[in-house]
Amino acid sequence: MKNQAKVVVIGGGVVGVSVLYHLTKAGWHDVVLIERAELTSGSTWHAAGGMHTVNGDPNVAKLQQYTINLYRELEQISGQSCGLHITGGLMLAGTPERLDWLRMTVARGRYLGMDLELIDMTETKKRFPLLDEKHFVGAIYDPIEGHVDPYGVTHAYAKSAQIGGAEIVRQNRVVDLKQRADGSWDVITEQGNVHAEHVVNAGGLWAREVGRMVGLELPILAMEHQYIITDDVPELAGQPELLHVIDFEGEIYMRQERGGVLLGTYERAGVPWSTRTTPWDFGQDLLPNDLERIAPSLEVGFKHFPRLGEVGIRKIVNGPFTFAPDGNPLVGPVPGLRNFWVACGVMAGFSQGGGVGFALAHWMVDGDPGADIWGMDVARYGEWATRRYTNFKVRENYSRRFRIRFPNEELPAARPLKTTPIYDRLQTENPVWGDYCGLEHALWFAPKGSDAREDVTFRRSNAHTHVSAECRAVRDAVGMIEISNYGKFEVTGPDAELWLAQIMANKVPANGRVALTPMLNENGKLIGDFTMCRISAERFLLVGTYAAERFYQRWFEARLAGFKVQVRACAMEWLGLSIAGPASRELLQSLVDDDLGSGAFPFMSFRAMDVGLVPALVGRLSFTGDLGYEIWVKSEFHRELYERLVAAGKPLGLRHFGGRALNSMRMEKSFGSWAREYRPIYGPFEANLDRFINLKKTDFVGRTAALAEKTSGGQRKLITLDIDAKDCDAIADEPIWLNGRVVGWVTSGAYGHSVGKSLALGYVDRESAQATTGFEVELIGERRAALRLDNPAFDPSGQRMRT
Ligand SMILES: Cc1cc2nc3c(=O)[nH]c(=O)nc-3n(C[C@H](O)[C@H](O)[C@H](O)COP(=O)(O)OP(=O)(O)OC[C@H]3O[C@@H](n4cnc5c(N)ncnc54)[C@H](O)[C@@H]3O)c2cc1C
């Protein structure tokens with residue numbers, strides 16, 4: 001084993017070898033993988049090897065496509081077979097809701113380049129004769145599904161990496177990690193030490209233990225998972241290999257295994273394994289079978305596929321594999337730690353391992369993952385994702401693996417976790433709560449005395465009329481919403497302005513002013529959008545997306561050197577309330593001594609002022625697009641602020657509104673939002689953020705690339721559509737058609753209650769963005785005509801915000 005390397009990858013499961021291979025492919029050859037036993041000695045060896053391209057997150061779906069297409073390349077390079085069986089697959093619907101979901105999945109596949117086909121039961125039965133068709137209503141067929149041999153894939157990656165110059169050391173456990181002052185690592189192993197610039201934790205079942213070596217508690221947990229292999233099914237003999245099948249109602253997946261069938265389930269009462277520590281002496285072992293636990297799923301399976309109930313069970317496999325709370329991998333550089341990377345929590349290593357390796361390797365080598373992996377970034381979890389939280393959420397996620405997650409559905413596990421001081425006050429207003437990064441926030445308010453519950457559906461829910469009333473209150477009088485669920489940073493110091501000018505794309509505002517600003521990466525792509533509020537010469541409050549707070553922190557910390565500036569994340573220290581609507585000025589004026597007239601406190605002003613008894617920071621802006629104010633206070637004043645606003649607002653018709661109404665109103669203004677319209681795959685000119693990019697500044701991160709995008713016009717354009725919808729609105733990820741051709745996708749949708757229109761924001765290619773008519777948006781399998789709007793649907797001149 002060499003004692004010096006650029007990178008040490010810890011763990012030789014399918015993920016670690018993929019990272020290793022991709023590092024060599026990206027140009028780093030001085031890389032070593034250290035495996036405590038033999039390759040595949042964690043979850044990998046007993047995996048069922050199934051793979052598919054469909055995923056709820058289109059960006060993860062793209063990485064899954066990449067993974068599956070990679071296997072042939074690996075076979076060619078390494079000469080090692082991956083045991084590739086591309087059989088094609090079926091996803092079966094047993095209910096009308098599931099059929100709707102399948103329709104939406106097919107639609108999304110259209111712009112992802114997937115060739116999904118919705119088929120009726122006659123065709124389904126023809127393609128999969130083992131099923132009893134009375135339990136199903138339809139299916140989709142995906143030609144790119146199948147299974148691989150886990151051993152073959154792992155060794156194909158390993159050999160390809162070795163051909164690229166990597167070293168693989170087996171039978172050698174990493175026992176500790178020590179960081180040097182320059183940020184490099186001493187990797188302490190059973191066979192001696194390796195000094196490495198970077199370390200990658202691909203420890204799979206032991207990723208938590210490897211994390212603990214550097215003081216990190218990763219939010220992952222292993223669950224026991226069982227599959228059975230049946231005795232031979234005589235009807236399969238001499239036939240083409242069975243298609244892969246997912247039976248959502250049975251919570252079952254299936255494929256052929258030699259002459260029999262491999263059938264696995266995600267049972268509802270799933271059981272975690274090794275909740276605190278993973279024993280080091282666990283290796284190529286299995287867990288005791290527990291058929292009782294999966295009996296309910298097997299019962300359904302044998303009803304749906306009767307022949308399987310008639311042949312015996314040849315083998316039962318029970319093995320553990322790890323999950324993050326939301327079921328997506330944890331990938332990337334760990335915030336707060338230099339040169340320490342993770343690639344773990346990968347629950348579908350044979351669909352996702354290639355994409356994870358690709359992204360991590362490019363992140364390390366090029367400084368950018370080269371794909372939109374927002375949904376997998378390790379920075380999405382903070383300290384709130386404790387071990388117990390992870391346990392609750394992983395079990396919930398496992399039990400729901402094959403259940404529909406409706407777009408308006410809130411999941412109950414580990415709640416309420418974070419609440420603000422007005423939580424119980426809001427509770428008396430009968431809200432339906434949502435969970436955002438563990439924080440409770442009101443989605444909408446049900447009439448007092450009624451059951452505050454939302455029907456989960458792909459269509460308009462029972463919230464529709466109530467949200468409508470909330471929007472009306474804002475547009476006609478005044479509404480109030482809690483806005484604590486934003487990320488915040490205090491930026492202070494003599495170089496605060498200079499530093500912000502470098503990091504942000506817009507002009508730094510003058511004292512007492514606010515500027516909206518995108519943040520770009522070096523490639524000129526959107527990685528953040530902020531409200532930059534200047535309190536004084538050397539003091540700013542940055543307000544952005546709460547979910548991205550640690551992502552931003554990591555980005556900021558890497559760019560502080562050489563500046564006299566302090567940047568402090570403080571989301572839960574500054575809590576907020578926003579009031580909006582034509583009467584909002586009168587309301588606030590009744591509580592402050594400062595003159596709030598438009599001359600004295602115009603649009604985009606920001607100032608410290610006392611609101612009643614409370615010292616506050618007040619900005620004159622509102623995401624509703626109406627006259628409005630955002631009021632930020634230290635958490636201990638939040639309740640008092642709330643009480644004052646409620647009391648003073650009563651005579652003016654103040655009404656609470658929630659996140660759903662806010663979303664409707666921002667859509668009426670064509671305001672984009674983070675992770676929807678603004679993501680690292682889009683540029684600022686594509687996203688219509690032209691006016692917030694200050695190219696007069698000679699230098700800021702991403703300027704050169706942004707300028708190039710401005711000159712070329714970019715590839716696509718964000719547009720607003722008015723859809724001729726009936727009982728449902730766009731959600732996100734629906735294809736946009738123009739004259740019979742798919743030209744883009746929806747990023748957000750909502751009913752605009754004040755304008756009476758079903759609205760969508762979405763990206764289309766640049767040429768298509770010129771058209772006004774001829775658009776269609778595919779809503780639950782139905783193409784609905786849509787009109788492109790040149791201007792926001794509500795108050796196109798922006799007069800109301802500025803009054
Ligand atoms: C029963 C079952 C069925 C499955 N079916 C499928 C399927 O059909 N399709 C699919 O895509 N996925 C499936 N999976 C999941 C799949 O197995 C995992 O996604 C995948 O194996 C994760 O790989 P990994 O490399 O992250 O982790 P692991 O396979 O756990 O590998 C981690 C490796 O790191 C090594 N290691 C850890 N700590 C150290 C250390 N300190 N020093 C040195 N080495 C260390 C371990 O020895 C191990 O070899 C299944 C899993 C199970 C249990």
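Counting starts at 1 for both ligands and their atoms, in listed order.
Within the structure, ligand 1 has Gly49 among the residues with a heavy atom less than 4.0 angstrom away. Ligand 1 does not have Met51 within reach: every non-hydrogen atom of the residue lies 4.0 Å or more from it. Contact annotation: Ser351 has at least one heavy atom less than 4.0 Å from an atom of ligand 1. Ligand 1 is never approached by Thr322 to a heavy-atom distance shorter than 4.0 Å.
Protein heavy atom closest to atom 18 (C) of ligand 1, with residue, atom name and distance, is Val346 O, 3.6 Å. Here the protein heavy atom with the shortest distance to atom 48 (C) of ligand 1 is Glu35 OE1, 3.4 Å. For atom 21 (O) of ligand 1, the nearest non-hydrogen atom of the protein is Thr44 OG1, 2.9 Å. Distance from atom 36 (N) of ligand 1 to its nearest protein heavy atom, with residue and atom name: Gly11 CA, 3.9 Å. The nearest protein atom to atom 26 (O) of ligand 1, hydrogens excluded, is given as Val15 CG2, 3.3 Å; this is a heavy-atom distance. Protein heavy atom at the shortest distance from atom 2 (C) of ligand 1 is His225 CD2, 3.7 Å. Closest to atom 14 (N) of ligand 1 among all protein heavy atoms lies Ala47 CB, 3.7 Å. When only non-hydrogen protein atoms are considered, atom 6 (C) of ligand 1 lies nearest to Ala48 N, 3.6 Å.
Within the 4.0 Å heavy-atom criterion, the part of Ile10 lying near ligand 1 is the side chain and not the backbone. The side chain of Tyr227, and not its backbone, has at least one atom closer than 4.0 Å to an atom of ligand 1 (non-hydrogen atoms only; side chain from C-beta on). The part of Ala202 lying near ligand 1 is the backbone, judged by heavy-atom distances below 4.0 Å. Counting heavy atoms closer than 4.0 Å to ligand 1, residue Trp280 contributes side-chain atoms (C-beta onward) but none from N, CA, C or O. In Gln352, neither the side chain nor the backbone holds a heavy atom less than 4.0 Å from any atom of ligand 1. Contact annotation: for Phe350 versus ligand 1, heavy atoms closer than 4.0 Å belong to both the backbone and the side chain. Neither the backbone nor the side chain of Pro150 comes within contact range of ligand 1; no heavy atom lies under 4.0 Å.
Residue-to-ligand polar distances keep Asn172 apart from ligand 1: every N/O pair is separated by 3.5 Å or more. For ligand 1, none of its N or O atoms has an N or O atom of Tyr253 under 3.5 Å away. Residue-to-ligand polar distances keep Val317 apart from ligand 1: every N/O pair is separated by 3.5 Å or more. Here's the thing with Phe321: none of its N/O atoms is less than 3.5 angstrom from an N/O atom of ligand 1. Between Gly349 and ligand 1, at least one N/O pair is under 3.5 Å apart.
A side-chain donor-acceptor contact under 3.5 Å links His225 and Tyr398. Side-chain atoms of Asn397 and Arg401 include no donor-acceptor pair closer than 3.5 Å. Side chain to side chain, His304 and Asp247 meet the donor-acceptor criterion of an N or O pair below 3.5 Å. In this model, no donor atom of one side chain and acceptor atom of the other lie less than 3.5 Å apart for Glu249 and His135. Side chains of Gln284 and Thr40: a donor-acceptor N/O pair is present below 3.5 angstrom, by distance only.
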Please walk me through it: do His147 and His244 pass ring pair (Phe, Tyr, Trp, His ring centres under 6.0 Å)?
-> CA-CA 8 Å; His147 59 100; His244 259 237; 5.7 Å; yes
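Under a 4.0 Å criterion applied to the non-hydrogen atoms of Ser41, ligand 1 contributes the atoms 47 (O), 48 (C), 49 (O). Of all atoms in ligand 1, listed by their number and element, those nearer than 4.0 Å to a heavy atom of Val14 are 20 (C), 23 (O), 25 (O). Shown in contact with Met347 at under 4.0 Å from a heavy atom are these atoms of ligand 1, numbered in order with element: 12 (N), 15 (C), 19 (O). Applying the 4.0 Å criterion to heavy atoms of Leu205 picks out, from ligand 1, the atoms 30 (O). Each of the following atoms of ligand 1 lies closer than 4.0 Å to a heavy atom of Pro320: 53 (C). Of all atoms in ligand 1, numbered sequentially from 1 with element shown, those under 4.0 Å from a heavy atom of Ile34 are 43 (C), 44 (N). In the vicinity of Gly319, heavy-atom distances shorter than 4.0 Å reach the ligand 1 atoms 53 (C).
With respect to Glu217 and Arg208, no salt bridge is recorded, no charged nitrogen being found less than 4.0 Å from a carboxylate O. A salt bridge is absent between Arg550 and Glu383: the closest approach of a Lys/Arg side-chain nitrogen to an acidic carboxylate oxygen does not fall below 4.0 angstrom. For the pair Asp30 and Lys2, the salt-bridge criterion is met [side-chain N within less than 4.0 Å of a carboxylate O]. Of the charged side-chain nitrogens involved, none lies within less than 4.0 Å of a carboxylate oxygen, so that Glu197 and Arg338 do not count as a salt-bridged pair. Salt-bridge annotation for Glu38 and Arg170: present, with a side-chain N of the basic residue lying under 4.0 Å from a carboxylate O of the acidic one. Ion pairing between Arg293 and Glu224 holds under the 4.0 Å rule for side-chain N and carboxylate O. Classification of Arg554 and Asp377 as a salt-bridged pair holds, one side-chain N sitting under 4.0 Å from a carboxylate O. Looking at Arg268 and Glu251, a side-chain N of the basic residue comes within less than 4.0 Å of a carboxylate O on the acidic one, giving a salt bridge.
Each of Lys159, His155, Glu75 was evaluated against Gln80; a single residue qualifies, Lys159, per the side-chain hydrogen bond (donor to acceptor under 3.5 Å, both in side chains) test.
By the side chain to side chain contact (heavy atoms under 4.5 Å, CB included) test, Asp182 is found to be paired with Arg180, Ser184, residues two or more places apart in sequence or in another chain being considered. Qualifying salt bridge (charged side-chain N to carboxylate O under 4.0 Å, His left out) partners for Lys178, counting only residues two or more places apart in sequence or in other chains: Asp176.
Considering all non-hydrogen atoms of both residues, Leu102 and Met91 come closest at CD1-O, 3.5 Å.
For atom 43 (C) of ligand 1, the nearest non-hydrogen atom from the set Gln284, Gln226, Arg36 belongs to Arg36.
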